[in-house]
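By convention in this document, chain letters (A, B, ...) are assigned in the order of the sequence lines, proteins followed by strands, and residues within each chain are numbered from 1.
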Amino acid sequence: MAEISKSYEPRDVEKKWYGAWLEAGAFAGNAKGEGVEPYTIVIPPPNVTGVLTMGHVLNNTLQDILIRRARLEGFSALWVPGTDHAGIATQTVVERELRKQKQTRHDFGREKFLEKVWAWRQEKGGIILEQLRRLGASCDWDRTQFTMDPHYSRAVLTVFVDLFRKGNIYRGKRMVNWCPVSQTALSDEEVIMKPVNGTIYRVRYERVDVPGQFVEVKTTRPETIPGDVAIAVHPDDPRYAGWIGKKVRRPIGPAAEIPIIADASVDREFGTGALKITPAHDKVDFEIGQRHGLPAVDVLHANGVLNELAGPELAGVERFAGRKKAAELLRERGALVAEEAYANNVGYSERADVPIEPRLTWQWWLRYPRIEEAKAAVRDGHIRFHPERWSKVYLHWLENIQDWCISRQLWWGHRIPVWYRKGLDKEKLSEADLADPAQVHVSLEGPADPENWVQEDDVLDTWASSWLWPFATLGWPDAAAMERAGLKYFYPTTTLVTGPDIIFFWVARMIMAGLEFMGPAEPLPARGNGRPATVAPRLTESELKARIPFRHVYFTGIIRDQQGRKMSKSLGNSPDPLDLIDKYGADGLRFGIISIAPQGQDIRFQEDRIEGGKNFCNKLWNACRFRQMSGEAGDNSALAAIVARLEASKFDADDHAILDRLLATTREVARCFREFEFSAAVQGLYGFFWNDFCDWYVEVSKSKLQDPATKANCLAIQDLVLRQTLLLLHPFIPFITEELWQQLGYGAAGRFVEDARVEDEEELVDVLQAGGVGVDTAAVASVEKLKAFVSQARALKAEHNLASRRDVKLFVIAAEGDWNVLAGNLAKLTRMIGAAELTRRDSVEGAPAVVTPLGTVYLDLASTVDAGAERIRLTREIEQITKHIAGTETRLANPAFVSKAPPAVLEGARKQLADQQAKKAELERLLKALG
RNA sequence: GGACCUUUAGCUCAGUUGGUUAGAGCGUUUCCUUGACAUGGAAAAGGUCACUGGUUCGAGUCCAGUAAGGUCCA
C-alpha cells in the first residue's frame, strides 16, 4: 500500500474520488424491495441562470450530509437534482443581453426569442450543477430534471387543466402588482416592502358650490390626481358634516368635478381625514370605488409612463418625473398647500427592484386546494419543521391566504393551455364563457381545429411549476414514468432542506399540491370544462400521511457577511465558493460552513472558520499517517476483525478512556442527526478527534508503541478509533475520508466507505463485548486525573520558563493509591510532561510545587527558585481557593439546600468542599515551607 | 400595528429537561522546527452571561417587563 503523503492536497483527492463514485454509479437511487427503507431528498432546484453562492453551499452540503448518512445507515437513498426555469429571472437575463445590442424581445417575436433563451440555457444552464459536483454533492445525476422538460411541462399543464375543471382556476379583472419594467403581473409574494424616504404633498380641492372653500388631502402620489374620481371622508367626521354629496374640482388633469363621498373605512386620524380616491392606482381606493360604483381611470401605460388620460401636460412623462411635474402644476395653480418629508413602505418588484404599480388587469387566479389539510399536516406533526417555530409563520400565512395570481405576461415559461374561440372578447369573459367548451378550450393537446382558436398569451408563474417538484420529478403524471422512477417507493420524500425565505413561495405550495394530487388517480371530467361547485371531501389522516410531499423540513439560516448584511451579487460581498474550494478544498469548505451554521440562526460568514475546516482535514490526514507509520496494517477488513485484534488483558486506563469517548461521540452524532443539529455534530467530532484522540491518545501511544507487549493492542485501538471516526465524519467530509479509508484498508477491498454501515453505539458495544472488551469507567475517571496532572506539571514548568526543557526532574508527594496510578503510567507521563524523571518523595523543601488530583508535584529547582515570586503565586492561589471554599460552605450551611437538593448534588458539594480544603491545606503547607 | 429571533471572552458563536470554578474557534501574550501534523504543540491572559424584577435551596438556563439590534407579515 502506498504511503500517505506528508501533506494533504485536496484537489487530487477530490477529483479522483468523485470520478470513481460516478463511474461506479454510487449515487444511483434504486427502489429496493421490502425491508429496505427509502430516504429521499429532492433538491431545491436552483435557477437555471444561477451560479453557486454560499447559500447553495450550505444548503446542498446539508442535503449531501443527510443523504450520505442515510446510505451509511442502510437506507436506499435518493437525491434528485435539477434546475428551475425561473421565468422572470431568466427572461430578464436574456433580455439584458439583447439590450446590449440595442434589441428587445419584440424585435424577434415570441418563437425566435424563446429559441434564444433555450440556446442560452443550453450554454449556461449546466454551470451550477457542475459546481455542485465540485462540492461533492452525491445527487443521482441520471435523474437531473428541468422544470421545462417535456414530461415536467406535461405535469404542469395537467395540473392547470385539472384545477381549471375543478373550478379552482378562474380569470378575473383585479388589482395586481404590476412591474413596469418586466411588464408583468406579480404575486404578492414577489413584492418586497421597503421603507422609502419620500415626500407627502398636501393638496387642496376647491368646492364647486362654494368657491374659496377647499378640502385638503395628503398624498405621496400627486401624478395620479388625474385619475381621482372622488374624495372620501368618514361619515361621522364632524369636520365634513354637510360636505358629503357636494363636488370638488380635480386640480390637475382633464377638468372634472368629483364627488365627496362617505365611507366608513376612511381613517379619520390620518392627515386631514379626507382621502383622494384613485381606483385604478390603489388597492384600497379600488375597493372603495367598487362600493360606490365609481369608475377606475387608469392614467398610466403598462411601462409606467403617464397616458393621455393624465392630461396634455403629463401625458408621455415617466411616472417619477410625472410626480415632480404634477407637484409643479399644483403649485402653479395654488393647489399645493405644503410638502413634507415622509417615510413610508413601498412595494418593490423582487426581480427588477423598482416600485410596483397596483394595476387593474385581467389575470388568471388560483384558489388554493387543500388549505385546511395543509394546516393540519403541519399542526398535527405529520410534517415537522426544524426549527419548529417556522410552523407558526406557515400557519399564519395559510390563515390569511389570498388567491394566487398565476399568470405572467412573459414568454419564457409554461404557456397557459387555454384557447379562446376566435372573436371572443377576452376583456368580457364571464364564468359562463369559462364553463362553455364552445367558447373556451382547455386541454393539454389544444383544440382539434386550431384555426378557429387563439391561445392565451400568458405563461404560468414559475412557482406554479416548482410546487409540483417532489412528485413531478418522480415521473408524475405518467404511469410508466412513475413506475420507472419509483414514485411509489420514494414518495413521500423524507427531508426538504431550504431557506425560510421561500416558505410561502414554495414549501407551503408544495404541501398543498402534494395533498391535492398524490391521491389515487381521480379521473378528470373527460369532456367539457367541468367546473363543479362541489368541494372535495376532507382527507383522512392516513390519506394525509400518504400524500404529504416530505416529512421533515429543515430551514437553514441565511448567510451574511461580517457586517451582518445579506450576501448579494450587487453588494459584491459574497465570496465565490469555487475560490474557497481551490483554497481550502471542498471538504474544508463543507466542514467550515457546517461548523458555523447552528440550527435556525443566521450565519455570519468567517473565512477563518473555513480555514479551520481545512486544518481539521489536515489533522485527520496526519493522524492517519501516524497510524500508518507506526506499524504494519493488521486485518482491518471489518469492525469485528479489528476488535478481534484487541487484547483486553493489556488495556490500560487510556485504552478504556478513548473507547469510552468513542462510544459517547457515536451516541452524540446519532442524536445530532435525529435533532438536525449538524454544527453540534461537527463540533463534537472535532473535540473528540483533536483533543481526546490526537492530543491525548496518540501522544500516550508513542510510549505504548515502544513496548512490544502493548504495541499490537495500541495499533488495534487506533484502527478501531480511526475507522469509526472516518465513518462518522464521512457525510461531512466525504473526499478525504474516502481516501484515508482506502489507504488504511478499512472495509472490504474495492468498496467505498458508503458500502459499509455506520454502527450505532449499541452495535459498537455489542461487537466489543463479543470480542471480550468492556469499558472500565473507573479507569476512565483516572485518565481525567492523569490529564490534570500532566497539564499542571507542564504549567509549573512553563511558569519557571522551562517549558521546552526535557531534562528536569520532578518529585511528587502522593498518597499510596495516587502514586500507584502514577507509577503505572510513568513512561507516558514523563514523555508528556517533558521530564527526565518522576520520583516519589516523602518530603521536599523549598522547591516550587503545584497541587494536583494525584499529589503535589515539585520541580527540582530548590537552589535557583525565586522564593518571592513563588510566595506571591501561592498566596494568589490560596486566595482563590479560599473564595471557592467560602462559596461551597455557604451553600452547605443553608438548611434549605441541605434538605431540598437531590442527594447526588449534596454529595457532590460535600466532596467538593473536602477536596478544596485539602488543596488549601497543601498550598498553605507549601507556602510555609518557603519560609 | 402584529409575530418571531438575537443580546455570553477583543471578534464570531456553543452552552440539550435549572446543579462543581460558564466553554470552543479565531485573535492576543510567552515558549517550542521534539521523527503524524508549524495547516502543528505547550502554557497563559481575557466574561458582574444586555438591564430590572420574579419563581427556586440554587438561574446564563424558567417567568414578566425594559432597552438595543435584526427578520417576516400587515
Which is true for A:Lys702 with a 4.0 Å heavy-atom rule: it touches a base, it touches only sugar-phosphate, or it touches nothing?
base
Rounded to whole angstrom units, what separation is found between the CD atom of A:Gln916 and the C1' atom of B:U20?
8 Å
Let's see if you can work this out: which of B:A36, B:G19, B:U16 has an atom nearest to the side-chain heavy atoms of A:Val905?
B:G19
Please determine whether side-chain hydrogen bond (donor to acceptor under 3.5 Å, both in side chains) holds for the pair A:Ser391 and A:Glu388, giving the CA-CA distance in whole Å, both sets of side-chain angles, and the decisive distance to 0.1 Å.
CA-CA 6 Å; A:Ser391 59; A:Glu388 205 276 330; 3.0 Å; yes
Residues two or more places apart in sequence or in another chain: which of them pass ring-ring contact (aromatic ring centres under 6.0 Å, His included) with A:Tyr554?
A:Phe676, A:Phe678
Short heteroatom pairs, N/O only, protein and nucleotides 25-29 of chain B, under 3.5 Å:
from  : atom 1 : to       : atom 2 : distance (Å)
B:C26 : O2'    : A:Asp608 : OD2    : 3.0

When you check the side-chain N and O atoms of A:Tyr697 and A:Asp655, is any donor under 3.5 Å from an acceptor?
yes
With nearest nucleotides of RNA chain B determined for A:Lys392 and A:Lys614 from heavy-atom distances, which residue corresponds to the more 5′ nucleotide?
A:Lys392
Give the ring-plane orientation class for A:Tyr394 versus A:Phe385, where under 30° counts as parallel, over 60° as perpendicular and anything between as tilted.
perpendicular
Dot-bracket for RNA chain B, 5' to 3', Watson-Crick and G-U pairs with both distances under 3.5 Å, [ ] for crossing pairs, | for partner on another strand, reads (((((((..((((.....[...)))).(((((.......))))).....(((((..]....)))))))))))).
Distances under 3.5 Å between protein N/O atoms and the N/O atoms of nucleotides 70-74 of chain B, please, pair by pair.
from  : atom 1 : to       : atom 2 : distance (Å)
B:A74 : N6     : A:Asn345 : ND2    : 3.0

Looking at A:Arg604, does any N or O in its side chain come under 4.0 Å of the phosphate oxygens OP1/OP2 on B:C11?
no
Pairwise P distance, B:G54 and B:U61 [rounded to whole Å]:
14 Å
What residues, two or more places apart in sequence or in another chain, satisfy ring-ring contact (aromatic ring centres under 6.0 Å, His included) together with A:Tyr8?
A:Trp621
For A:Trp690 and B:G23, give me the distance from atom CH2 to atom C1', rounded to whole Å.
17 Å
Tell me, which pairs form a side chain to side chain donor-acceptor pair (under 3.5 Å) where one or both residues lie in residues 897-910 of chain A, sequence neighbours left out?
none
Using atom P of each nucleotide, how far apart are B:U12 and B:C37 to the nearest Å?
35 Å
So which protein N/O to nucleotides 42-48 of chain B N/O distances come out below 3.5 Å?
from  : atom 1 : to       : atom 2 : distance (Å)
B:A43 : OP1    : A:Ser791 : OG     : 3.4

In whole Å, measure the gap between the C1' atoms of B:C13 and B:U39 for me.
22 Å
Of all the nucleotides listed (B:C37, B:U16, B:A36), which has the minimum atom distance to the side chain of A:Asn618?
B:C37
B/S/- along nucleotides 54-59 of chain B (protein heavy atoms under 4.0 Å) is ---B--
In residues 665-672 of chain A, what residues come within less than 4.0 Å of RNA chain B, judged by heavy atoms?
A:Arg671
Might you point out which heavy atoms bring A:Val13 and A:Phe735 nearest each other, and give the distance in Å?
CG1-O, 3.6 Å
Can you check side-chain hydrogen bond (donor to acceptor under 3.5 Å, both in side chains) on A:Asp719 and A:Tyr746, steps first, answer last?
CA-CA 8 Å; A:Asp719 279 327; A:Tyr746 300 140; 2.9 Å; yes
Report the residues that fulfil ring-ring contact (aromatic ring centres under 6.0 Å, His included) with A:Trp696, sequence neighbours left out, ordered by chain and then residue number.
none
Nearest-Å distance, CZ (A:Phe678) to P (B:U16)?
19 Å
Not counting sequence neighbours, list each pair that qualifies as a salt bridge (Lys or Arg N to Asp or Glu O under 4.0 Å) and has a residue in residues 589-616 of chain A.
A:Asp64-A:Arg590, A:Arg560-A:Asp602, A:Lys583-A:Glu607
Using atom C1' of each nucleotide, how far apart are B:C72 and B:G10 to the nearest Å?
33 Å
Pairing of A:Asp760 and A:Arg667 as salt bridge, 4.0 angstrom limit
no
Going by the angle between their ring planes, with limits at 30° and 60°, are A:Trp397 and A:Phe504 parallel, tilted or perpendicular?
parallel
Going by side chain to side chain donor-acceptor pair (under 3.5 Å), name the residues that satisfy it together with A:Arg661, two or more places apart in sequence or in a different chain.
A:Asp692
What distance separates A:Leu859 CG from A:Leu796 CG, expressed to the nearest 0.5 Å?
4.5 Å
Determine, using ring centers only, whether A:Phe732 and A:Phe673 are less than 6.0 Å apart.
yes
I want to check one thing: is the phosphate of B:G41, taken as OP1 and OP2, less than 4.0 Å away from some side-chain N or O of A:Lys619?
yes
Contacts of A:Phe626 and A:Ile603 projected onto RNA chain B by closest heavy atom; the upstream (5') one is A:Ile603
Between B:U21 atom P and A:Glu889 atom CD, what is the distance in whole Å?
13 Å
